[in-house]
Amino acid sequence: MIFDNQYIQERIKKTEKLREEGINPYPNQVKKGIPSKQFLRENEDLLSMDAEVKKDESREYTLTGRIKFVRIMGKAAFAKIEDSEGLVQIYYSRDDLPEGYYNNIVKKLFEVGDIIEAKGFPFVTQTGEITLHCKEINIVSKAISPLPEKFHGLQDPELRYRQRYLDMIMNAEVKETFIMRSRIVSLVRRFFEEKNFLEVETPMMHPIPGGANARPFITHHNALDVERYLRIAPELYLKRLIVGGMEAVFEINRNFRNEGMDHTHNPEFTMIEFYWAYHRYDDLMKITEELFDYLFDHLGLERKLPYGELEIDFSTPFAKVPYIDSLTTIGGVPAEITNDREKIVAYLKEHKIEVDPNLTLGYLQAELFDEFVEGKLINPTYITDFPVDISPLARRSDENPDIAERFELFMAGKEIANGFSELNDPIDQYERFKGQVDAKETTGDDEAMHMDTDYVKALSYGMTPTAGEGIGIDRLVMMLTNQHSIRDVLLFPAMKPEVPRPELQPLCDVENLCKKCGHDVTEELKPAKKGKGMFCIDVNACKERAANKK
RNA sequence: GACCUAUUAGCUCAGCUGGUAGAGCAACUCCCUUUUAAGGAGUGGGCCCAUGGUUCGAAUCCAUGAUGGGUCACCA
């Protein structure tokens, strides 16, 4: 049973006791009191009051919050209660409350973890803390589970993620990160709205997974009796909207990828994707820099932020390095190798990286990039002009058909954004999908894209030249809040299921005799392992008895 | 997926080379009308992650598994 813990039982008894006293432990008609910070601010003047006891009994306040500390000193007590803004101290004593209420109710039945309402007037304690002197205290919600230890709080990361609400109660700074996250999302949304982008919502359940290279989650639609795939990216739907005549759209929402989990990957994660007709990929790089400036200005952040041991300089414009150049200038790969498939395979082998030698040049270059370049990109850097064969949805460069008009933005060694001029040639798109389907077959790449003829059909009606980009919101938040695990920027990160403990089996009957010597004084025996019998506690005496038996 | 590491009271943690479990906070019973992680006196509380193995004896040693964390690999 989930309530069989002794501490919970104690608290349930107190809850019953409240009911017996005619007090509802879960009342419904409670209004939020004055915010804690406002209470402290409005009574700051008491601090400079020229009086022996600094107080103002004419002011009346109601505070509501969760009890975090209680200090009882006989007939008077202090407690700290916490609301969403922070802690505030209250004081209550026997003689200020109705007859018997202090001794029998507040002192006995209210405890750390409970949410209460306190009414009274402000005063300043001897140590100079603005405190509410209570004339009335009421229960708002009784907690029957105890809170973790008050000083160390909740440390165990597993419990912090599984019981995030407890983490939030105990670790105030957690809330700060999520407040930042909310502000960032809000500002991103506002930025694009101010640029006259239209926010749209496209399907989360796709008949064909598309828009990225990733394995999807599969679900089933009963009425239609068809498989549906949770979306891995909204890209292909957003571009259908461009075909339909929308010229600037964006969507901020979840993508789902059925892949491994680690400190930068969660099965569901948040992206913004935006599409901008009559623009090209270099416009995207400009607007992305604008977005960062907008965020930093509105969040009041310094342009140089710490990220663990690193310092990241977010000053715009960001560095720009063409993909192939980056292999040499940043990755240190000799230039004569980077365009030769066999040399790349050999070079990778030298560095103890095994690859499928059937991979195309672009994929092999991607191996080089992932291995030698990505981790070294600390300050925000655009890597531009990607190989076409790893960019199946991007438009070819007019100058070089092997290169796509595509960039990715990296910082702290991690990819944050990916954007390109969109491929709007339906025939070329059809061929590229076919290339992906072939890759699926030849190299067994189960993350390669599927043929989406419906999308090609949409393109066949003509799509304006368009540029589109996706920005990983979770990773962006990590960068701006100096968090190193995606789990720390997700309120409820994905976790493996908790395995319930099997019910304890009753101990089978064991003779109360020592297995060695036959001694039968129960107090002098102790059980070995379950079902394995009893043994003497006094080993020497046992040996003696065993010897005598013979 | 590989390797390393952790799992002991509600929480935070001790527990060495095997001898049968400890502290602080929290809880319970008292004392205490300006405390700040309040203080003082006392009491109760443990499937030592699970299952096997070694052993007279395992929280401790070994194996396997579960879950968490870390490193790497995979992955846009």
Side-chain angles (χ1 to χ4, degrees), chain A residues 5-11 13-14 53 68-80 87 89 91-96 102 108 111-113 123-129 131 133 145-162 166 170 212-215 232-233 257-265 352-354 366 369-371 374 386 390-391 406 408 410 414-418 445 447 470 472 475 484-485 487 495-505 507 514-517 526-530 532-540 542-543 546:
Chain A
N5 174 284
Q6 55 167 316
Y7 302 98
I8 296 180
Q9 284 301 318
E10 287 282 356
R11 282 173 170 254
K13 273 186 212 146
K14 292 181 186 177
V53 184
K68 295 296 287 289
F69 303 91
V70 175
R71 296 183 274 273
I72 296 174
M73 292 154 302
K75 296 172 191 66
F78 287 92
K80 292 233 165 153
L87 290 164
Q89 180 164 264
Y91 168 85
Y92 48 99
S93 69
R94 187 192 62 186
D95 300 339
D96 289 311
Y102 176 82
K108 285 226 175 84
E111 56 200 321
V112 170
F123 78 111
V124 179
T125 64
Q126 288 182 352
T127 48
E129 179 163 354
T131 301
H133 187 130
S145 281
L147 290 181
E149 202 251 351
K150 64 186 171 192
F151 187 60
H152 298 91
L154 186 67
Q155 301 290 335
D156 183 348
E158 183 168 359
L159 290 179
R160 293 184 51 202
Y161 297 139
R162 286 195 198 280
L166 248 198
M170 298 310 297
N213 297 85
R215 273 190 294 263
I232 55 175
R257 298 190 185 174
N258 203 342
E259 288 168 350
M261 295 154 57
D262 62 28
H263 61 112
T264 51
H265 295 85
K352 300 195 165 56
I353 302 154
E354 289 296 332
F369 183 85
D370 292 346
E371 185 63 29
E374 183 169 7
F386 274 58
I390 59 169
S391 313
R406 172 184 176 192
E408 286 188 355
F410 292 88
K414 293 178 182 71
E415 180 201 339
I416 293 294
N418 175 21
D445 180 359
E447 288 173 353
R475 291 185 186 177
H484 297 252
S485 171
R487 295 188 154 184
M495 299 291 280
K496 285 197 195 177
E498 252 180 311
V499 269
R501 266 188 160 187
E503 284 294 313
L504 190 58
Q505 296 300 317
L507 272 178
C514 172
K515 273 191 137 181
K516 279 277 161 187
C517 67
K526 47 123 188 124
K529 281 190 175 173
K530 273 168 231 156
K532 282 192 83 176
M534 306 285 271
F535 291 96
C536 291
I537 290 169
D538 186 337
V539 177
N540 290 331
C542 177
K543 279 179 182 166

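Note that these values count all heavy atoms, side chains included, but never hydrogens, waters or copies made by symmetry. Residue numbers begin at 1 in each chain, while the letters A, B, ... track the order of the sequences.
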Nearest-neighbour nucleotide for the A/R487 side chain, B/U71, B/C11, B/G68 considered: B/G68

Distance below 4.0 Å between A/K150 side-chain N/O and B/C25 OP1 or OP2: no

Per A/E10 side chain, nearest of listed nucleotides B/G68, B/C28, B/A38: B/C28

A/R257 side chain vs A/I232 backbone, donor-acceptor pair below 3.5 Å: yes

Pair assignment for B/U54, Watson-Crick or G-U wobble, requiring both distances under 3.5 Å: none

Sugar-phosphate only, base, or nothing, as touched by A/Y161 at under 4.0 Å among non-hydrogen atoms: sugar-phosphate

Sugar-phosphate, base or nothing in reach of A/E158, heavy atoms under 4.0 Å: sugar-phosphate

Candidate list A/K14, A/K13, A/K68, test salt bridge (charged side-chain N to carboxylate O under 4.0 Å, His left out), partner A/E111, passing option: A/K14

Pairing nucleotide - B/C74, Watson-Crick or G-U, each distance under 3.5 Å: none

Selected nucleotide, minimal atom distance to A/L159 side chain, candidates B/C11, B/C32, B/U35: B/C11

Of the listed nucleotides B/U35, B/G68, B/G10, the one nearest the side chain of A/N5: B/G10

Minimum-distance nucleotide (side-chain atoms of A/K496 versus B/U12, B/U35, B/U67): B/U67

Candidate nucleotides B/U34, B/U12, B/G44, ranked by approach to the side chain of A/Y91 - the nearest: B/U34

Counter-base of B/C48, judged by Watson-Crick or G-U geometry with both distances under 3.5 Å: none

C1' atoms of B/G19 and B/U60, separation to the nearest Å: 11 Å

Any strand: nucleotide that pairs with B/C16 via Watson-Crick or wobble, under 3.5 Å: none

Residue matched to B/A6 through Watson-Crick or wobble contacts both under 3.5 angstrom: B/U67

Nearest-neighbour nucleotide for the A/D262 side chain, B/A37, B/U34, B/A73 considered: B/A73

Nearest-neighbour nucleotide for the A/Y7 side chain, B/A26, B/U34, B/C75 considered: B/A26

Spatial distance of atom CD (A/E408) from atom CZ (A/F369) [nearest 0.5 Å]: 6.5 Å

Sugar-phosphate only, base, or nothing, as touched by A/M170 at under 4.0 Å among non-hydrogen atoms: nothing

Sugar-phosphate, base or nothing in reach of A/E374, heavy atoms under 4.0 Å: nothing

Inter-nucleotide P distance (B/C56, B/C47), Å rounded: 29 Å

Euclidean distance, A/S93 OG relative to A/I72 CD1, rounded to 0.5 Å: 12.5 Å

Nucleotide opposite B/U43 in a Watson-Crick or G-U pair, distances under 3.5 Å: B/A27

Touch class at under 4.0 angstrom, heavy-atom based, for A/Q6 against every strand present: base

Modelled atom types, side-chain donor and acceptor of A/Q6 and A/R11, under 3.5 Å: no

Worked check of salt bridge (Lys or Arg N to Asp or Glu O under 4.0 Å) between A/R162 and A/E158: CA-CA 6 Å; A/R162 286 195 198 280; A/E158 183 168 359; 3.1 Å; yes

Gap between atom OH of A/Y92 and atom NZ of A/K75 - 0.5 Å precision: 15.0 Å

Quiz item: A/H152 side-chain donor-acceptor pair to B/C11 base, under 3.5 Å: no

Straight-line distance of A/K414 NZ to A/E374 CD, nearest 0.5 Å: 9.0 Å

C1' spacing across the pair B/A73 / B/C61, given as an integer number of angstrom: 32 Å

Interatomic distance where CG belongs to A/L87 and C1' belongs to B/U35 [whole Å]: 15 Å

Atom C1', compared across B/A38 and B/U5: separation rounded to whole Å: 39 Å

Integer angstrom distance from the C1' of B/A21 to that of B/G15: 8 Å

Contact under 4.0 Å: A/K14 side-chain N or O vs B/C28 OP1/OP2: yes

Separation between the C1' atoms of B/U71 and B/U8, rounded to whole Å: 27 Å

Touch class at under 4.0 angstrom, heavy-atom based, for A/G153 against every strand present: sugar-phosphate

Whole-Å P distance, B/C28 and B/A14: 28 Å

d(CZ, A/R160; P, B/C11) in whole Å: 15 Å

Donor-acceptor pair (no angle test) under 3.5 Å: A/E129 side chain, B/U34 base: no

Listed nucleotide nearest any side-chain atom of A/P157, set B/G44, B/A37, B/G69: B/G69

Sugar-phosphate, base or nothing in reach of A/N418, heavy atoms under 4.0 Å: base

Touch class at under 4.0 angstrom, heavy-atom based, for A/E259 against every strand present: sugar-phosphate

Euclidean distance for P, B/G68 against B/G22 (whole angstrom): 32 Å

Minimum-distance nucleotide (side-chain atoms of A/M73 versus B/C13, B/U34, B/G45): B/U34

Sugar-phosphate, base or nothing in reach of A/I8, heavy atoms under 4.0 Å: nothing

A/R11 vs B/G10: side-chain N/O to OP1/OP2 distance below 4.0 Å: no

